[in-house]
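Naming convention: chains lettered A, B, ... in sequence-line order (proteins, then strands); numbering from 1 in each chain.
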2 protein chains.
Amino acid sequence: MKVSDVNEAYDELAFEPHEEELLSRVAWHYYHDGLTQSEIGERLNLSRIKVSRMLDRGRRMGLIHVHINSSYGGCFALEARLQEIYGLDEARVIPAQEAGNVNDRLAEAASQYLMGRLKDQEMLAVGWGATVMGTLQRLARTLSYRDISLVSLTGGVSAYIEGVASGRSSQNVHLIPAPLVVSQESIAEAIRGERHVVEVMSMARTANYALVGIGAVADEATLIASGYASRSQFEIFRRQGAVGDIIGIFYDQNGAPLDLPFHKMLVGLDFEALSAIPQVIASAGGPKKVEAIRAAARGGRIDVLITDEPTAEAILDKDQA
Amino acid sequence: MKVSDVNEAYDELAFEPHEEELLSRVAWHYYHDGLTQSEIGERLNLSRIKVSRMLDRGRRMGLIHVHINSSYGGCFALEARLQEIYGLDEARVIPAQEAGNVNDRLAEAASQYLMGRLKDQEMLAVGWGATVMGTLQRLARTLSYRDISLVSLTGGVSAYIEGVASGRSSQNVHLIPAPLVVSQESIAEAIRGERHVVEVMSMARTANYALVGIGAVADEATLIASGYASRSQFEIFRRQGAVGDIIGIFYDQNGAPLDLPFHKMLVGLDFEALSAIPQVIASAGGPKKVEAIRAAARGGRIDVLITDEPTAEAILDKDQA
DNA sequence: GCTTTCGTCGATCATATGATCACGATGCGC
DNA sequence: GCGCATCGTGATCATATGATCGACGAAAGC
């Protein structure tokens, strides 16, 4: 009775500034002093439930702001927007940072992500690319302790996967024993018809996860550096509307695969098969890849994107319109 | 089994940057997205209890910072320090603000404080001063609805309390029917011996709260403005070490009352009687009063201090040494 | 090499929190 | 002036949280 009287009188005269003071005081006690809501209520002659409601209002009105004191802080908002706009299962954005190679840090992030996600008995299909290689190297230690199978999505993977797989029972590693690209369509067809290749490829279709890189249609592309394609080919691809590639398959700005002779010379899965894998994880970053990543995301080519902060911002900027 | 395996592998490679990322992510989900700890645990393959511990660590390490978006935000830290340093029961600091008279805002804060604190059947003793008057005016509406008794600590109060008390049953208001100061010691003694005065003063001793102002020993003092004292008297008080007054009693920088002839001409309670009241609430602010407030607080003359932000800062600055 | 100590883990339980409900007051429109 | 709607309140209960405990595993020391 007394208490309610007090509160009545209190509220009767409660105008805005006082309201704000009380709210701030409650918030201060709660967040700064670490008092419980009951303790605050006792002190300020408020019911516990009222304190709870005030805190709720304070949070919703933005009076109480929680800042995460970390370079990652700003990244999570980007992740949320990437997930929402492109319908991704998950996005990981690593903070901008001068020190350190971006690709190394992306590989690190990708391996962290996979380590937390891979369960025993599961199978990981890997594509082709520099970031994928880096990720696998970092994953090697974990994989060797665990019952995880590796399978390649394309040819040309053996070059870097063998070192990674060394020391572990080879029965869990299944590679397509061929290059990524061959010189003639007929040869590609022949290789794709090989029993062992067929087996590996059908196994790849059963993988739980696919880890792929995203390539830009730029002269610095790994495909060119490694001799699988030439600059003039890239120039042609670009004129046909190519903005990027995943496992050697070039796609347009909507993420739709192009109809290129080059694709017929690839040894590996096609987009349809790739999409059938439950979760396609792409790790890529850098200014040149912005358009390639955006198109892949828009086209639903990937389920999980791991990139860096400036790239994420650039991608989202383009979709503001 | 599987989950623990994952966690083991996870932690095995857990080095600092990854640690920070995970912590930030947990904090983001918790504070920004409003997920429960269990939900976060599911998503990130962590046990609920571990999420709880990470949040705890994040808070203690300062990774998670809660900001209260209000001008009051900075005041609470000052309040806490005032309470700690001077052993006050409570301190209230109102934010710095250009608009509005400081004394009005102090009176407002004091009345808010009292409204929240006064219970039915309780008695409030009031001293003399401009801020006290303002506070009572604001309290009037509340008091008239409630069973709160008013009593004066000194003479001279009737001048402003009558308007406040108008309309309510006078039986709850007990004033000393005399001026604050008289011209001769003998007159003061005579008044203090009057039956009615004795009664009111003994009633004042039983009050639950005392509300007083703090006066500076400066030419602008209300005591001078109202003709109770002269500038030359103040000059003498100052030379004797006076830094301020409460209910007409001047004290030195340690809050100890001085032995002045002036005190013998006062009609009201002395410091000893004042201190016997459970809670002495002082409301005062402004640059001139810094030293007066500080001395009163140091000397334990008051239990609750209501002041403004710049004054609180100035007071505390002086005690940094 | 074995033990000891430390730190971390998850299980359990007490507590803190917030969702829901029903009530009473206030203010509005008829 | 009288319902009616709306809001804010506290009571009750389900859930979320964090404190405590024992156990395990890793690193350090004998």
Every protein N/O lying under 3.5 Å from an N/O of nucleotides 14-24 of chain D:
| residue | atom | partner | partner atom | Å |
| --- | --- | --- | --- | --- |
| D:dT17 | OP1 | B:Tyr30 | OH | 2.9 |
| D:dT17 | OP2 | B:Gln37 | N | 2.7 |
| D:dG18 | OP2 | B:Gln37 | NE2 | 2.7 |
| D:dG18 | OP2 | B:Ser52 | OG | 3.1 |
| D:dG18 | N7 | B:Arg48 | NH1 | 3.4 |
| D:dG18 | N7 | B:Arg48 | NH2 | 3.3 |
| D:dG18 | O6 | B:Arg48 | NH2 | 2.9 |

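Listed by chain and residue number, nothing satisfies the ring pair (Phe, Tyr, Trp, His ring centres under 6.0 Å) test with B:His67 (two or more places apart in sequence, or in another chain). Residues satisfying the side chain to side chain contact (heavy atoms under 4.5 Å, CB included) criterion with B:Arg105, sequence neighbours excluded, are B:Ile94, B:Pro95, B:Gln97. By the side chain to side chain contact (heavy atoms under 4.5 Å, CB included) test, B:Ala91 is found to be paired with B:Glu79, B:Leu82, B:Gln83, B:Leu88, residues two or more places apart in sequence or in another chain being considered.
Residue pairs that meet the ring-ring contact (aromatic ring centres under 6.0 Å, His included) test with at least one member in residues 87-112 of chain B, sequence neighbours left out, do not exist here.
Looking at A:Gln279 and A:Asn208, their side chains never bring a donor and an acceptor atom within 3.5 Å of each other.
One end of the helix from C:dG1-D:dC30 to C:dC30-D:dG1 points its axis 30° away from the other end's axis, with each axis taken from 5 pairs and the angle rounded to 10°.
Between B:Glu21 and B:Arg25 there is a salt bridge, since at least one side-chain N of the basic residue sits less than 4.0 Å from a carboxylate O of the acidic one. Classification of B:Asp104 and B:Arg138 as a salt-bridged pair holds, one side-chain N sitting under 4.0 Å from a carboxylate O.
The CE atom of B:Met54 sits 4.5 Å away from atom CG of B:Leu23, with the distance rounded to the nearest 0.5 Å.
Taking atom CG of residue A:Leu46 and atom C1' of nucleotide D:dG10, one finds them 13 Å apart after rounding to whole Å.
One finds a side-chain N or O of B:Lys50 lying less than 4.0 angstrom from the OP1 or OP2 phosphate oxygen of C:dC9.
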